[in-house]
Amino acid sequence: MSKPRVIYWFRTDLRLHDSPALNAALDLEPAVLWPIFTWDPHYVYRARGGTNRWQFLLDCQNDLSDSITKLNHKSKLFVLREGPQTLFPKLFKAWNVTHLVFEQDTDSYARERDEVVARAAKEAGVEVIIRSGRTLWDAEDVVTKHGGKPTMSMTSLLSASKKIGDVPRPIPPPKHLPDPGEMPLDFEQDRPHAKPDINAESRKGNDTGYKNIAGPNGDFAIETLGELGFAPATTPHKGGETRALKNLDAIIKDNKYTATFEKPKTSPALFDPQSTTLLSPFLHFGALSVREFYWRVQDVVNSYGKGASTPPVSLTGQLIFRDMYFAAQAAIGVNFHQTAGNRHCRFIPWHLPSKVDPDTGLSTGEYHIDSDQAERWFRRWKQGVTGFPWIDALMRQLRHDGWIHHLGRHSVACFLTRGGCYVDWERGADVFEEFLLDHEPACNAGNWQWLSCTAFFSQYFRCYSPITFGQKWDKNGALIRKWVPELKDLDAKYIYEPWRAPIQDQKKAGVRVTGDGLSNAIGKGTYPKPMFDFGERRNVCIAAMKKAYEVGLYGDDETVLNGGWRELFPEGQGEVQGRFDSDDGENADEGDEDDGVGDKRPRKTSSATVSKKQKT
DNA sequence: AGGGCTGTTGGCACT
DNA sequence: TAGTGCCAACAGCCC
């Protein structure tokens with residue numbers, strides 16, 4: 001039998017250190033090995049993603065490619081611009097492939113994609129080898145050990161993982177790589193449909209990414225932001241495995257920081273440097289192995305002795321939370337990312353609910369505007385012009401840098417949902433998906449459910465103040481002065497509440513507190529007035545949450561799916577989702593919310609059973 | 001010297 | 001991994 005001709009398919013495992021899948025590929029002792037990346041149209045057109053995360057991905061790819069070339073000067077990361085579902089059947093033949101190897105991916109699109117590719121491989125007689133490597137413990141194993149149920153708490157995750165055993169020790173990187181084989185492209189490229197393009201707003205120029213399957217020069221080059229039509233990234237955070245390992249080294253070197261880390265005690269207001277590791281974007285792209293991170297930390301903890309912190313607050317605790325969300329996602333499936341049809345997510349009649357496809361039961365990516373006021377609040381939140389400087393600073397840092405501290409995320413998420421705007425957590429999750437460098441679907445959905453008190457956490461009366469929470473960490477408002485420069489000269493006395501500053505103080509600081517932030521340009525010597533009285537909204541929201549908890553509906557309840565829930569939330573008795581026409585999306589600025597006019601018929605959807613079909 | 005006023009702190013219950 | 005209001009306890013100060 002001839003020696004294996006192996007494709008190693010890199011996806012979100014852009015590293016050479018501790019890669020069980022790459023190790024499995026090399027164990028085949030291949031005659032040739034092609035390290036490839038497929039430029040998947042799904043992520044280009046159908047999944048939300050801003051410029052910064054694309055740049056971080058390109059950083060990771062370029063670094064990986066350089067590392068591959070260092071091991072074998074004939075090799076690199078070869079990028080092919082086509083959807084893997086259509087590409088692989090052609091590649092298997094054209095390159096005479098015997099094996100396809102990749103790391104197990106976990107989100108719903110990736111699973112479906114990999115099933116399609118695996119079927120094509122079987123038809124072509126290509127052996128597929130898949131290894132788990134994205135998490136501390138394999139998420140499917142955790143679910144099995146947890147009786148098929150999702151892990152909805154740290155203790156349930158820890159008890160399930162205990163039955164599996166210790167986290168595997170990291171595997172060293174390869175010392176050499178085989179040559180790549182010939183790469184003939186004597187087949188037609190299937191070009192993707194560029195419409196609908198969920199990222200159209202981010203694209204400033206022509207999208208030429210799919211002009212040639214092997215890139216503009218036919219050399220399988222890594223894409224550029226220009227080819228995507230995106231403006232240059234604004235984030236200062238750079239990707240790549242080399243940098244990840246260097247940053248990890250620097251953290252581990254500080255034994256005390258590593259061993260005594262307590263998340264709740266790290267400041268969300270610190271930047272340059274921040275108070276946490278900022279390694280999450282590397283974990284997302286697989287440029288850093290989570291097991292490598294875990295054991296480097298755990299070894300320090302073990303030798304530190306008394307005084308070391310423990311999960312959930314310790315550094316390893318943060319990684320275990322990540323596994324908890326992955327295992328919850330593995331058990332619940334695609335509905336983990338939405339309320340509808342999700343029996344583990346409480347139903348709260350928020351404003352701006354997602355539109356749900358009646359055939360699939362899945363969120364379509366669009367939402368109903370049941371309240372013009374909530375829509376304005378949501379837009380101001382997303383833009384960072386709420387009039388609450390602490391919130392605005394964090395949202396502007398998020399947009400510009402693609403990263404904010406975990407407690408900052410708590411603060412803005414609470415504010416948008418149960419502690420201010422009473423807007424659906426899925427709206428917030430969409431915005432984080434667009435802007436975060438470290439956007440991890442499972443963690444994002446899980447954390448938004450946590451903060452909105454719809455799953456994982458239920459103390460809805462613990463409400464973050466947009467004024468005092470920041471003050472606890474940053475009395476002088478350094479974070480605000482950095483990100484909301486309109487206010488940089490305002491006295492510390494007013495920095496969290498500029499609307500309280502007397503006119504002469506505003507004049508002295510060169511800023512006028514006026515307007516709603518949407519109709520007047522920011523940074524022109526004005527700062528918007530707060531969009532509501534926080535104390536008032538806090539009371540309204542807590543009362544509404546109390547009511548929703550008493551009603552006690554979950555996302556899979558039939559009355560949630562067919563609109564019957566309204567009978568349980570009488571109008572005029574506290575905050576509740578307003579009525580909306582079924583086609584309200586286009587003319588949002590017309591009409592008057594809360595007037596009781598509109599579609600009064602319950603919206604019938606098909607049964608709670610949901611197909612595996614991916615949202616579009 | 002000691003009563004009384006005031007501002008601060010910490011514990012607690014409640015939302 | 002909360003904020004608020006209330007109150008008791010207490011320190012510091014005035015007269």
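Below, chain A is the first sequence line, B the second, and so on; all start at residue 1. Computed from heavy atoms alone, side chains included, the values below leave out hydrogens, waters and symmetry copies.
- Nearest nucleotide to the side chain of A/R462, out of B/dT15, C/dT1, C/dG3: C/dT1.
- In the set C/dT1, B/dT15, C/dG3, C/dG3 carries the atom at the smallest distance from any side-chain atom of A/K472.
- Rounding to whole angstrom units, OH of residue A/Y549 and C1' of B/dT15 are separated by 14 Å.
- The line from CZ of A/F378 to CD of A/Q383 is 10.0 Å long, rounded to the nearest 0.5 Å.
- In A/K488, the NZ atom is not crowded: 12 or fewer heavy atoms of neighbouring residues, nucleotides or ligands sit closer than 6.0 Å.
- Put simply, A/T468 has a side-chain N or O that comes within less than 4.0 Å of OP1 or OP2 on C/dT4.
- For A/F469, the side-chain atoms get nearest to C/dG3 when compared with the rest of B/dT15, C/dT1, C/dG3.
- Separating the CD atom of A/E575 from the P atom of B/dT15 is a distance of 20 Å, rounded to the nearest angstrom.
- Rounded to a whole Å, the CZ atom of A/R409 is 20 Å from the C1' atom of C/dA2.
- With no hydrogens or angles considered, a side-chain donor-acceptor pair links A/H351 and A/E575 at under 3.5 Å.
- Side-chain atoms of A/Y496 come within 3.5 Å of backbone atoms of A/G470 as a donor-acceptor pair (strictly under, hydrogens ignored).
- Note: CD (A/Q459) to C1' (B/dA13) measures 14 Å, nearest angstrom.
- Nucleotide B/dT15 holds its P atom 21 Å from the OH atom of A/Y464, rounded to whole Å.
- Residue-level contact check: A/F534 touches neither bases nor backbone, having no heavy atom under 4.0 Å from any strand.
- Going from atom CZ of A/R418 over to atom C1' of C/dG3 covers 11 Å, rounded to whole Å.
- In this structure, A/W390 places its CH2 atom 16 Å from C1' of C/dG3, rounding to the nearest Å.
- Here the P atom of nucleotide C/dA2 and the CZ atom of A/F457 are 6 Å apart, to the nearest Å.
- In the model, A/Y367 has no side-chain atom that pairs as donor or acceptor with a side-chain atom of A/D430 under 3.5 Å.
- Dashed line: the shortest gap from a side-chain N or O of A/S465 to OP1 or OP2 of C/dA2 is not under 4.0 Å.
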